[in-house]
Amino acid sequence: MNEHLLKILIVGDGNVGKSSFVHRYVNGQFNKTYKMTMGVDYSVKMLLWSDKEKVRLQLWDIAGQERFISMNRVYYKGAVGCVVMFDVTSSDSFLSCCHWKRDLDNKAMLPSGDSIPCILLANKCDLAQRVVTADRIDRFSKANGFVTWMEVSVKDNKNIGEAMRRLVQEILSV
Ligand code: GDP
């Protein structure tokens, strides 16, 4: 059996749901008070990709470093894919995705020199106080070179596994 080790970054403003996303995806839980243990660099999730391939995902949550906006290069080193997340009830968190993507394109490169595949996730779509429209997200996603974008709800477990499979599929195809 072939095993791929993939380092994936989870970036976005504070409070958009990054830690909850990783916790949900890895442990299958949503816990309102959950906070990632400080000092833990990454979480691991194994996927059986096909009858010949396994994928070991290393999910690097920036946990509390959001305020620096521009991340340390060490964090980006060796990353082959990224989740850029915002909260559909926060216009500011959506606008920040532009900075996150630019920072990634500058610092996180594949050995080929290409930028790493990024998926844009619109979280908290379970909430009624939505302010960022699908049309706006779609235009932004296309203009900024994202693989695709998806609406997710970590709370309702909507599109979490689907989003990660889509990203892994893109990573393995480059
Ligand atoms: P982080 O700072 O980006 O890591 O965000 P957290 O994972 O700490 O989540 C911030 C807050 O948003 C917490 O109170 C979560 O319970 C809440 N949250 C995360 N995902 C969702 C979601 O899909 N829907 C709703 N309604 N709340 C969410």
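Counting convention: from 1, in listed order, for ligands and their atoms alike.
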### Task
Can you sort out which atoms of ligand 1 are near S19, meaning under 4.0 Å from one of its heavy atoms?
4 (O), 7 (O)
### Task
In plain terms, say whether E162 and R166 are close enough for a salt bridge, that is, a side-chain N and a carboxylate O under 4.0 Å apart.
no
### Task
Pull out every atom of ligand 1 sitting under 4.0 Å from any heavy atom of S153, numbered as shown with elements.
23 (O)
### Query
For G17, is at least one N or O under 3.5 Å away from an N or O on ligand 1?
yes
### Task
Mind checking salt bridge (Lys or Arg N to Asp or Glu O under 4.0 Å) for D156 and listing every partner two or more places apart, or none if nothing turns up?
none
### Message
Ring of W60, cation from K7 - is the NZ or CZ under 6.0 Å from the centre and inside 45° of the axis?
### Response
yes
### Query
Going by the angle between their ring planes, with limits at 30° and 60°, are F140 and F94 parallel, tilted or perpendicular?
perpendicular
### Distance, nearest 0.5 Å, that separates CG of N15 from NZ of K124
4.5 Å
#### Entry: L127: numbered ligand 1 atoms lying under 4.0 Å from its heavy atoms
26 (N)
### Query
Less than 3.5 Å between some nitrogen or oxygen of V154 and one of ligand 1, yes or no?
yes
### Message
W149: which residues meet the side chain to side chain donor-acceptor pair (under 3.5 Å) condition with it, sequence neighbours left out?
### Response
D138
### Task
Check each atom of ligand 1 against the heavy atoms of D13 and keep those under 4.0 Å away; list them by number with element.
3 (O)
## Note on the structure
For D126, the ligand 1 atoms with a heavy-atom partner under 4.0 Å come out as 22 (C), 23 (O), 24 (N), 25 (C), 26 (N)
### Message
Distance under 4.0 Å to a non-hydrogen atom of G14: what atoms of ligand 1 satisfy this?
### Response
2 (O)
### Task
Please identify which atoms of ligand 1 are closer than 4.0 Å to at least one heavy atom of S20.
6 (P), 7 (O), 9 (O), 15 (C), 19 (C)
